[in-house]
Amino acid sequence: MKPTDWRSSVVYQIYPRSFCDSNGDGIGDLPGITAKLDHLQQLGVDVVWLSPIYASPQDDNGYDIADYRAIAPEFGTMADFDAMLAGMHQRGLRLMMDLVVNHTSDEHAWFQQARSSRDNPYHDYYLWREPAPDGGPPNNWEAAFQGSVWEWNEPTGEYYLHMFSKKQPDLNWENPRVRQEVYALMRFWLDKGVDGFRMDVINMISKPWNADGSLPNAPVVRDGFLQPGFAMTCNGPRLLEFLREMCLEVLDHYDTLTVGEAPMATVTVGQALTHPETGALNMLFQFEHMDLDIAPGQAVGKWVTQPLDLRDLQQSMARWQNGLHGQGWNSLYLSNHDQPRPVSRWGDDGVHRVAAAKMLATWLHGHQGTPYVYQGEELGMPNYPFATINDCRDIESINFYQVATRQLGWTDGQAMAAIRAKGRDNARVPVAWDATAHGGFTQGTPWIDSHPNAEQFHAQGQYGDVDSVFHHYQRLIALRKQHPVLVHGRYELLPSSHPRVSAYRRLWVDQCLWVVTNFSAEPVTVTLPERMASGQTLIGHGAEALTPGMSTLALQPYGAIMVLGQT
Ligand code: TEU
Ligand code: CA
C-alpha cells in the first residue's frame, strides 16, 4: 500500500469544546464540526487533528480518558462521529485522532480495578510505590498542574504516579499487556477509517527507573520539597523501542499520519524518532520555540515571561530546520490548545492585528515541515482579557492561581496578568463564526465566554475580503501545493540588517525562495538579500514592490514578503 505523501499537507487542529455548538448547550460538538467542514475545505487544509472526544470526566478537558472506544455524550454519538468522518473523507480531508496513552482518567475501568487491590490483574497497569521512609511521597517531583506527582491510595496503602492531575494516573508501559491494550484501541479507530494519530506527551511513556525500581529525585532548584519533575520522564530509555513496537504491531499495517507531542525533545531526539528509515513517527511537536519567552533562572516556569528575542527564535528554527533536513521531518506551529494566541504573544493584537497575524503566518509557512493551523488562527483571533480567575476554566491556570496567590505571595493582579499572557484558556475561547451573539458559536450560553471583540475577526466577515487573514492563509496553503521548493527546499538563515527583521531562504534545484518578515510595529528598511530583487513575489503585505536592481526593501509594521527566484 503506497503511503500517502503527506509532506505538502497542512493540518488544521480542532478543539471540539470550542469549535461549533449544534444543539445550544454551549459546548461544541461533532455535528457542529460536520456543519463547518466547508470552512476547512475552503481554507484548503488536508488533514484535521481532533483533540480528544472520548468519554471523560473532563478534569483536563478530555485529556483524561475513561473509555477510549466511546464518545463523550456532550460531543455526540458514534453515529455523529461516523457522519463527521464521512463528511471529511468526501471532501478529501483526513482525520488524526488524539491518542492519550501516557495516562488515563482515574475513572477508567482499568484504574478502578487497579486501585482496589494489589492482587487485581489490572494493578500493574499503573505505577505504584511505597511511601518514603518518612511516610511521604516516594520522590520530590512536582506535577505539571502543581502539587506532588504522587497520590496516596488508601485501599492498597501505596502511592500512584500522575505527571499531570491526580485524576490522570500514568500507565505502566513496561507492562506488555498495557501496550497491547493501546495497540488494540488504535486498531479500533483505524479500522473505522481514521487516518492517523496525534500522540499526547508520547515521549513521557518510558520512565527513568533506577535499578531498584525507584525513580530518582529531581535536581533541587528552589526552596521546599517539591522540584520541577516534568523533564525527568521525557525521552526515556525505552521510548524508541516502544514506538518501534507500535509500528510493527499497528502503524505499518495502515496508511497513517503520526505526530508525537514531545516536550523537552532535542534535535537528536527528533532525528531518532522521525528518521524516515530508523524512526517511528512522521514528525514531532517540539517545544524549544514555545519556551523562548520563559524568563530564565526562576522556578515558577512558564508564568514568568521575558520578551521574545527574534535571534533566539531564528537560531532555534535554524537548529531544527538544518538538524532534520533529510534526517527526519518537522512540524511547524505557533499555536495549539495549550498556547496563547500568537498574534498577541509575538505580534500585535491592536491596530496592527491583521498585518501581524499575516506576518507570523508567512514566516512560519515558509519553513520546511508540516504546518499546523489551530482553530481561530486563520481568523487572527487574539488572546482574551481574562479579568478574574472565575473567567477561567483550565485546571493548569486555576491550580497555578491557587499556588501563586496562597503560597508564592503573588497578588491577584500579578497572577491574572500571567494567566492573560500565558494561560491555555486564551486558545479555548469559542471560534467566532459570524456577527451574531457569541460569534455564532452557540445559541445557548458558552461553557467559556466568547471573545468581546468577535465582530472584528469573525469568519463571515473575512470570506469576502481578499485582504483578510483567512484569505492570506488560503493563499499560503495553496502555494505549498504549487511550489515544491516550499516542501523540499533546504533552509538557510540569512543575516538581517535589523534586529526585528527575519530573513531566510529555501534552496531546491535551481530555485530559491526568500522570506523576509518585520516582527516590529515600526516601518523598517532592510538590505535585500542578493538576487532577491529579480524574483517573483508569491505573497506579500506591507512590503515595497520589488524592481530589479533594488538593494533595499521597505517594510511596513509587521510587513512580510515571500519571493521566488533563481539561485
Ligand atoms: O500537553 C502536554 C504539555 O506539554 C503541556 O502540558 C504544556 O506543557 C503545557 O500545557 C504548556 O503550558 C498535553 C496536552 O496537549 C495538554 O492539553 C494536556 O493537558 C497534557 O498533555 C496532559 O494530557
Ligand atoms: Ca453542544
Side-chain angles (χ1 to χ4, degrees), residues 13 15-35 49-54 56 58-65 71-77 80 98-105 143-146 149 162-171 198-205 228-231 233-234 259-265 284-288 290-291 293-294 300-303 305 333 335-340 345 372 374 393-400 418-419 421-428 430 438 441-447:
Q13 181 193 358
Y15 192 72
R17 211 174 179 81
S18 306
F19 192 66
C20 183
D21 173 24
S22 69
N23 62 355
D25 65 354
I27 300 176
D29 48 51
L30 301 182
I33 295 173
T34 305
W49 154 27
L50 183 56
S51 277
I53 55 169
Y54 317 96
S56 162
Q58 306 291 337
D59 186 56
D60 183 18
N61 285 11
Y63 281 92
D64 50 314
I65 299 171
I71 306 289
E74 62 261 49
F75 293 140
T77 64
D80 293 329
D98 215 310
L99 182 70
V100 186
V101 289
N102 172 71
H103 45 267
T104 70
S105 165
F145 304 148
Q146 312 294 334
V149 295
H162 60 88
M163 295 307 297
F164 294 91
S165 89
K166 64 173 181 279
K167 288 183 68 58
Q168 291 168 296
D170 281 49
L171 280 168
R198 175 266 185 191
M199 303 184 186
D200 191 61
V201 285
I202 201 67
N203 69 330
M204 295 175 75
I205 61 178
F230 200 72
T233 68
C234 293
V259 55
E261 184 199 28
M264 309 288 178
L284 297 184
F285 289 134
Q286 53 92 5
F287 286 69
E288 214 178 81
M290 287 288 113
D291 296 343
D293 56 7
I294 297 178
V300 181
K302 72 174 204 174
W303 306 105
T305 59
Y333 74 98
S335 64
N336 59 37
H337 62 293
D338 290 336
Q339 303 293 336
R345 187 181 189 180
Y372 285 73
Y374 177 64
R393 301 286 180 275
D394 173 28
I395 184 173
E396 184 187 58
S397 294
I398 292 168
N399 287 9
F400 160 71
I419 288 170
K422 297 302 289 290
R424 307 191 301 179
D425 281 328
N426 280 303
R428 300 171 183 192
H438 303 304
F441 163 73
T442 180
Q443 304 305 314
T445 305
W447 70 279

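When a ligand or atom number is given, it counts from 1 through the structure's own listing order.
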Student: Looking only at protein heavy atoms, which one is nearest to atom 6 (O) of ligand 1, and what is the separation?
Tutor: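 So the nearest neighbour among protein heavy atoms is Phe164 CE2, 3.7 Å.
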Student: Distance under 4.0 Å to a non-hydrogen atom of Phe145: what atoms of ligand 1 satisfy this?
Tutor: 19 (O)
Student: Would you say the rings of Tyr374 and Trp49 are close, in the sense that their centroids are separated by under 6.0 Å?
Tutor: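 Centroid distance Trp49-Tyr374: not below 6.0 Å, so no.
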Student: Could you state the interatomic distance from OG1 (Thr442) to CG (Asp21), rounded to the nearest 0.5 Å?
Tutor: 3.5 Å
Student: For the pair Asp64 (side chain) and Asp59 (backbone), establish whether a donor and an acceptor sit closer than 3.5 Å, ignoring hydrogens and angles.
Tutor: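 Confirmed, Asp64 side chain pairs with Asp59 backbone.
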Student: Which of the atoms of ligand 1 are close to His337, meaning less than 4.0 Å from one of its heavy atoms?
Tutor: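 With His337 as reference, the close atoms of ligand 1 come out as 14 (C), 15 (O), 16 (C), 17 (O).
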Student: Applying the side chain to side chain contact (heavy atoms under 4.5 Å, CB included) test to Pro52, which of Asp98, Leu99, Asp200, Asn61 qualifies?
Tutor: Asp98
Student: Which protein non-hydrogen atom lies closest to atom 2 (C) of ligand 1, naming both residue and atom, and how far is it?
Tutor: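 Answer for atom 2 (C) of ligand 1: Glu261 OE2, 3.2 Å.
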Student: To the nearest 10 degrees, how large is the angle at the Ca ion (ligand 2) between Asp21 OD1 and Ile27 O?
Tutor: 90°
Student: Ring centroid separation for Phe285 and Tyr372, is it under 6.0 angstrom?
Tutor: yes
Student: Give the residue and atom name of whichever protein heavy atom lies nearest to atom 10 (O) of ligand 1, and the separation in Å to one decimal.
Tutor: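 Going atom by atom, the protein heavy atom closest to atom 10 (O) of ligand 1 ends up being Arg424 NH1, 3.1 Å.
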Student: Among the N, O or S atoms of Asp25, which one sits nearest to the Ca ion (ligand 2)?
Tutor: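 Among the N, O or S atoms of Asp25, the one closest to the Ca ion (ligand 2) is OD1.
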Student: Looking only at protein heavy atoms, which one is nearest to atom 17 (O) of ligand 1, and how far off is it?
Tutor: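 Nearest neighbour among protein heavy atoms for atom 17 (O) of ligand 1, to 0.1 Å: Asp338 OD1, 2.7 Å.
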Student: Is any side-chain heavy atom of Lys166 closer than 4.5 Å to one of Phe145?
Tutor: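 A side-chain contact is absent here, since even the closest heavy-atom pair is not under 4.5 Å.
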Student: Please determine if Asp60 has a nitrogen or oxygen closer than 3.5 Å to a nitrogen or oxygen of ligand 1.
Tutor: yes
Student: Does the shortest distance from the Ca ion (ligand 2) to an N/O/S atom of Ser22 fall below 3.0 Å?
Tutor: no
Student: Tell me, with the steps shown, if Asp29 and Ser22 meet side chain to side chain donor-acceptor pair (under 3.5 Å).
Tutor: CA-CA 7 Å; Asp29 48 51; Ser22 69; 2.8 Å; yes
Student: Need the ligand 1 atom indices (1-based, order shown) with element for anything under 4.0 Å from a heavy-atom of Phe287.
Tutor: 4 (O)
Student: For atom 9 (C) of ligand 1, what's the nearest protein heavy atom and its distance?
Tutor: Glu396 OE2, 3.5 Å
Student: Considering the heavy atoms of Val201, write down every atom of ligand 1 situated less than 4.0 Å from one of them.
Tutor: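 Those atoms are 2 (C), 21 (O).
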Student: Any heavy atom of His103 closer to ligand 1 than 4.0 angstrom?
Tutor: yes
Student: What pairs with Gln146 under side chain to side chain donor-acceptor pair (under 3.5 Å), at least two apart in sequence or on another chain?
Tutor: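 Side chain to side chain donor-acceptor pair (under 3.5 Å) list for Gln146, sorted by chain: empty.
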Student: Is Arg198 in contact with ligand 1, taking contact as a heavy-atom separation below 4.0 Å?
Tutor: yes
Student: By salt bridge (charged side-chain N to carboxylate O under 4.0 Å, His left out), which residues pair with Lys302, not counting sequence neighbours?
Tutor: Glu396
Student: Between His337 and Tyr63, does the ring centroid distance fall short of 6.0 Å?
Tutor: yes
Student: Using a 4.0 Å cut-off to any heavy atom of Lys302, which atoms of ligand 1 qualify?
Tutor: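 The list of qualifying atoms is 11 (C), 12 (O).
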Student: If I consider every N, O or S atom in Asp29, which one ends up closest to the Ca ion (ligand 2)? I only need its name.
Tutor: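 Of all N, O or S atoms belonging to Asp29, OD2 is the one nearest the Ca ion (ligand 2).
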Student: Name the one of Lys167, Gln58, Arg424 that satisfies side chain to side chain contact (heavy atoms under 4.5 Å, CB included) with Ile395?
Tutor: Arg424
Student: Please state which option from Asp200, Val100, Asn102 has its nearest heavy atom closest to atom 23 (O) of ligand 1.
Tutor: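 Shortest heavy-atom distance from atom 23 (O) of ligand 1: Asp200.
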